[in-house]
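So the structure is just underneath, and the comments pick up after that.
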Amino acid sequence: MNVKRLLAIIIVSLVLTGLLGACSSWRTADVTVPDLTVRETGQKAAGVNMNTGSSTGHPVPQELKKIPQAYSQAADQQGTLVELTYNTYESTTYEQKSKKLTKRAIVYLPYGYSEDQKYNVLYLMHGGWSNETSNLGTPEQPNSFKNVIDHAIENGEVQPLIIVCPTYNNESPEDSGDYTLAFYTLTVNYHNELVNDLIPAVEGTYSTYADSTSPEDIKNSRDHRAFGGFSMGSVTTWYTFVNCLDEFRYFLPMSGAMDYEGDDVDAAVTASGHSPDDFFIYAVTGTDDFEHGHFTSQIEGMFSMPSGNFIASDREETGNIAFRVKDGYSHDGRAATEYIYNGLMWFWN
């Protein structure tokens, strides 16, 4: 498996240099997308031994909804972006806590945010060559994807929620531009900062379902917490899944794999003691995405594991992975924004 990862890194790093810049800047043009169909891997992956479930309940739609053109403009009811600074430690020596860092996250608070109400939280990680401002912008200069979130909440498509945009950049804002560093080290280690420093900082400041920032209360509120990301943010999402099932129930990996055979992810579930009904993964990629093959390989490998830890279903009541592949979509900002929009319309709705 390590040989395959190394070969993939050599190939992908060459391609990423030319493509991932699109993921760090959401433009109005990215919001207008063709009306394309969606395929579920379970329907097209012939010969794969998949665990499947079916029932009525809370379905993930078979087709992704495109973002309405009007959502590129400011909504009447606008949420707020705020900066949150917190203390953490250098990633590779985190356990020694020998080098302190001060980092920033961009936090989205929905229109009408009130301390008297509890909110679900999505932690949304950026991709390569990016930072904590890439997904939603800054308080002084929000980008057009913030408008999409505002409209979706205003129109009742998404419940009011808090969105946290952090960064796995470590000692330098250029870290995310180093593919090998990010893939092998920063995404792998990020869970330490996430659980020990970021979640307490966020949920000790804003009103969430965590009664306190104690490890017990954070674990007890896991049903109201999700983690997602596109590209290298998706790699971070998988490592969060592997290490943080106690703290998160929902996951939105998009066009980025960590384990091309699925066995590492499977082993982590077994070791965690969590059962298949303790989590749900909404996974998305595009047919023309250069990560499509790796992403699909990992998920098909997870489905075929004899443990039965992963069950393909579009309903949380009978399975734990809904896999959607959008025809014609590439590795770019247009795809990422639409995938996130659709994920938000499903989580907690």
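On a predicted model such as this, the values are computed, not experimentally measured, just so you know.
- L181 and L194 fall within the same hydrophobic cluster, defined by Ile, Leu, Val, Met, Phe, Trp and Tyr side-chain heavy atoms under 4.5 Å apart, directly or through other members.
- Under the 3.5 Å distance criterion, the side-chain polar atoms of Q298 are matched with a main-chain donor or acceptor of D259.
- Nearest approach of N243 to V188, heavy atoms of both residues: ND2-O, 4.4 Å.
- Under the 4.5 Å side-chain heavy-atom criterion for Ile, Leu, Val, Met, Phe, Trp and Tyr, Y209 and F248 are members of distinct hydrophobic clusters.
- G262 and M305 make their closest contact through C-CE, 3.8 Å (heavy atoms, listed as atom of the first residue, atom of the second, distance).
- Each of T208, I162, D217, D211 was evaluated against E203; a single residue qualifies, T208, per the side-chain contact (heavy atoms from CB on, under 4.5 Å) test.
- For the side-chain contact (heavy atoms from CB on, under 4.5 Å) criterion with Y123, the lone passing option out of T240, V202, L252 is V202.
- At a threshold of 4.5 Å between side-chain heavy atoms, the hydrophobic network of Ile, Leu, Val, Met, Phe, Trp and Tyr places Y341 and F347 in one connected group.
- With hydrogens and angles disregarded, a donor-acceptor distance shorter than 3.5 Å links the side chain of Y168 to the backbone of G127.
- S98 pairs with exactly one of Q96, E95, K100 by the side-chain contact (heavy atoms from CB on, under 4.5 Å) rule, that one being Q96.
- Between the side chains of D264 and Y239, no donor-acceptor pair is found at a separation under 3.5 Å.
- Here the CD-CD1 distance, from Q78 to I153, works out to 12.0 Å after rounding to the nearest 0.5 Å.
- In terms of modelled atom types and a separation under 3.5 Å, the side chain of N320 and the main chain of I311 share a donor-acceptor contact.
- Hydrophobic clustering (ILVMFWY, side-chain heavy atoms < 4.5 Å, transitive): M345 and M254 are in one cluster.
- Under the 4.5 Å side-chain contact rule for hydrophobic residues, M302 and Y260 share a cluster.
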Next item on the list: Evaluate side chain to side chain donor-acceptor pair (under 3.5 Å) for H274 paired with N309, printing each intermediate quantity in order.
Entry: CA-CA 9 Å; H274 284 280; N309 283 328; over 6 Å; no
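- Looking at V284, I281, T296, D314 one by one, the single match for side-chain contact (heavy atoms from CB on, under 4.5 Å) with F323 turns out to be T296.
- Side-chain contact annotation: S114 with Q117, donor-acceptor N/O pair under 3.5 Å absent.
- Closest approach of Y282 to P253, counting heavy atoms only: O-CD, 3.4 Å.
- No side-chain heavy atom of Y113 sits under 4.5 Å from any side-chain heavy atom of V82.
- No donor-acceptor contact under 3.5 angstrom links the side chains of S330 and D332, judged on distance only.
- A donor-acceptor contact shorter than 3.5 Å links the side chain of D175 to the backbone of E171.
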Next item on the list: Given side chain to side chain donor-acceptor pair (under 3.5 Å), test D197 with Y94 step by step and report yes or no.
Entry: CA-CA 11 Å; D197 306 319; Y94 187 94; 2.7 Å; yes
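- Remark: the backbone N or O of L109 is not paired with any side-chain donor or acceptor of T80 at under 3.5 angstrom.
- Without hydrogens or angle criteria, W348 side chain to V158 main chain gives no donor-acceptor distance under 3.5 Å.
- Between the Q73 side chain and the A70 main chain, no donor and acceptor come within less than 3.5 Å of each other.
- A donor-acceptor contact closer than 3.5 angstrom links the side chains of S313 and T318.
- In this structure, the side chain of R225 does not engage the main chain of I199 through any donor-acceptor pair within 3.5 Å.
- Between the K103 side chain and the T167 main chain, a donor and an acceptor come within less than 3.5 Å of each other.
- Judged purely by atom type and a 3.5 angstrom limit, S255 has no side-chain atom pairing as donor or acceptor with the backbone of F230.
- Around atom NZ of K99, no more than 12 heavy atoms belonging to other residues, nucleotides or ligands sit under 6.0 Å away.
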